[in-house]
Number of protein chains: 2
Amino acid sequence: MKLADTYKALGDPVRLKMVERLSKNPAYTLGALSKGLGVTRQGARKHLVILENARIVRLVPGGRETKVLLNGASLNKASSFISELGRAWDVRLEALRAFSEQHVESQDL
Amino acid sequence: MKLADTYKALGDPVRLKMVERLSKNPAYTLGALSKGLGVTRQGARKHLVILENARIVRLVPGGRETKVLLNGASLNKASSFISELGRAWDVRLEALRAFSEQHVESQDL
DNA sequence: GATTCATGCAACTTATTGGTTGCATAATGA
DNA sequence: TCATTATGCAACCAATAAGTTGCATGAATC
């Protein structure tokens, strides 16, 4: 599973809402989590399968109901990758700024 | 622009590659950034427009060429949101663990 | 001025996504 | 056992996305 798939999985309002809910209450059943999202249960299930394939969520069948569990590790991975990008960008920006100032100084000579 | 759109924009291998490149070298022209991605220039441009709409990137036309600039603020926002989710999840998990242990202890009585 | 370079825009095709309805089935509870 | 509950699976549809080719245009260069 590639990292892009993780972001792709988060890139839908319904799925993002689901993840948000799960972060606040890790004990959802599939049915409960599917309510109030503006889609049918079957529609919601498709989203959950996508989240499962992206390893963001685990679906655990048991008895009559299926529990939905959040996988924090995936989120952490996704989060740290972006922040790494941001950090690299900051460093570059700083270098650019330093260069600009140096350039201005040399013009002042 | 919703947060889900930011993740959606990052949820494609070509676009993620672009952002990665930009984080390492903020001074790309559209043409240079479009090479080596396995798509045509016009295809790459479509991706760039998507990144621009998600405010991840800015396209700055000038003379004959167009510069592509990374917007670090968007990345930081995206990164911190996920890490917030992860944090909330950790707290919940800890609570659950504590509850389980308490439960075990009461069984021990 | 003619040529080359970097880009923008439009039309079109195909694949993927998001959503639905309908039906089947296994577990609970009365 | 019978009704109810929670779910899974398949078929189908419409919209969006990803990609292409072709052409137009403004800027640099010779």
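In what follows, chains are A, B, ... by sequence order, proteins preceding strands, each numbered from 1.
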Please list, chain by chain and in numerical order, all residues satisfying side-chain hydrogen bond (donor to acceptor under 3.5 Å, both in side chains) with B:Asn71, sequence neighbours excluded.
-> B:Ser74

Separation of C:dG8 P from B:Leu59 CG (nearest whole Å) = 7 Å

Students should find that the end-to-end axis angle of the helix from C:dG1-D:dC30 to C:dA30-D:dT1, with five pairs defining each axis and rounding to 10 degrees, is 30°

Would you mind writing out the side-chain donor-acceptor pairs for residues 13-23 of chain B within the sub-3.5 Å range, not counting sequence neighbours?
unit_1: B:Arg15; atom_1: NE; unit_2: B:Ala9; atom_2: O; d: 2.7
unit_1: B:Arg15; atom_1: NH1; unit_2: B:His47; atom_2: ND1; d: 3.0
unit_1: B:Arg15; atom_1: NH2; unit_2: B:Lys8; atom_2: O; d: 3.3
unit_1: B:Arg21; atom_1: NH1; unit_2: B:Leu33; atom_2: O; d: 3.2
unit_1: B:Arg21; atom_1: NH1; unit_2: B:Lys35; atom_2: O; d: 3.0
unit_1: B:Arg21; atom_1: NH2; unit_2: B:Lys35; atom_2: O; d: 3.0
unit_1: B:Ser23; atom_1: OG; unit_2: B:Glu20; atom_2: O; d: 2.7

Atom CG of B:Leu30 and atom P of C:dC5 are separated, to the nearest Å, by 17 Å

Closer than 4.0 Å, any side-chain N/O of A:Thr66 to the OP1 or OP2 of D:dG8?
-> yes

Could you run through nucleotides 19-30 of chain C and give me one letter per nucleotide, 5' to 3': B if any protein heavy atom sits under 4.0 Å from the base, S if only the sugar-phosphate is that close, - if neither?
-> BBBB----BS--

For A:Tyr28 and D:dA6, what is the distance between atoms OH and P respectively, to the nearest whole Å?
-> 16 Å

Selection: residues 51-58 of chain A, any non-hydrogen atom under 4.0 Å of DNA chain C = none

Pairwise salt bridge (Lys or Arg N to Asp or Glu O under 4.0 Å) hits with a residue in residues 59-84 of chain B, at least two apart = B:Glu84-B:Arg87

Between B:Lys8 and D:dT16, is there a side-chain N or O to OP1/OP2 distance below 4.0 Å?
-> no

Geometric class of the A:Tyr7/B:Tyr7 ring pair [parallel <30°, tilted 30-60°, perpendicular >60°] = parallel

